[in-house]
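Because the structure is predicted, anything quoted here is derived from the model rather than measured.
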Amino acid sequence: MPRPLLPRLLPASIPALHPLPEYIVQGERAAAYAAMKQALQVPWMGVVTMAYAHYPTFFRVLWQGLEPVVRSVAWVPSICEVSSASLRMAQ
């Protein structure tokens, strides 16, 4: 196996995560949480997404980029296909 050009190293310290649970967000982030749950057809926010919400500018830009994709006509059938394939491979 070839050696990588840049060795993969762990950070000196593992960065802390600061997820923002749904019950404490307000304003723009609360509206984004509601829009995400509706668009993704899920009942709650995932912890990774809640951690992204700790950084409001990044979170806003992330949702601005993702929203048109997850609201597209192709999104739901594509995700269903990926989910089905994953379940088949897991068996």
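- Atom-to-atom distance recorded for Ser84:OG and Met89:CE is 12.5 Å, nearest 0.5 angstrom.
- Hydrophobic cluster membership of Tyr33, counting Ile, Leu, Val, Met, Phe, Trp and Tyr whose side-chain heavy atoms lie under 4.5 Å apart directly or via other members: Leu20, Tyr23, Ile24, Val25, Met36, Leu40, Val42, Met45, Val47, Val48, Met50, Tyr52, Tyr55, Phe58, Phe59, Leu62, Trp63, Leu66, Val69, Val70, Trp75, Val76, Ile79.
- Residue pairs that meet the salt bridge (charged side-chain N to carboxylate O under 4.0 Å, His left out) test with at least one member in residues 75-85, sequence neighbours left out, do not exist here.
- Checked against side chain to side chain donor-acceptor pair (under 3.5 Å), Arg71 has the following partners two or more places apart in sequence or in another chain: Gln38, Glu67.
- A pairwise comparison of heavy atoms in Ala74 and Pro77 identifies O-CD, 3.5 Å as the closest pair.
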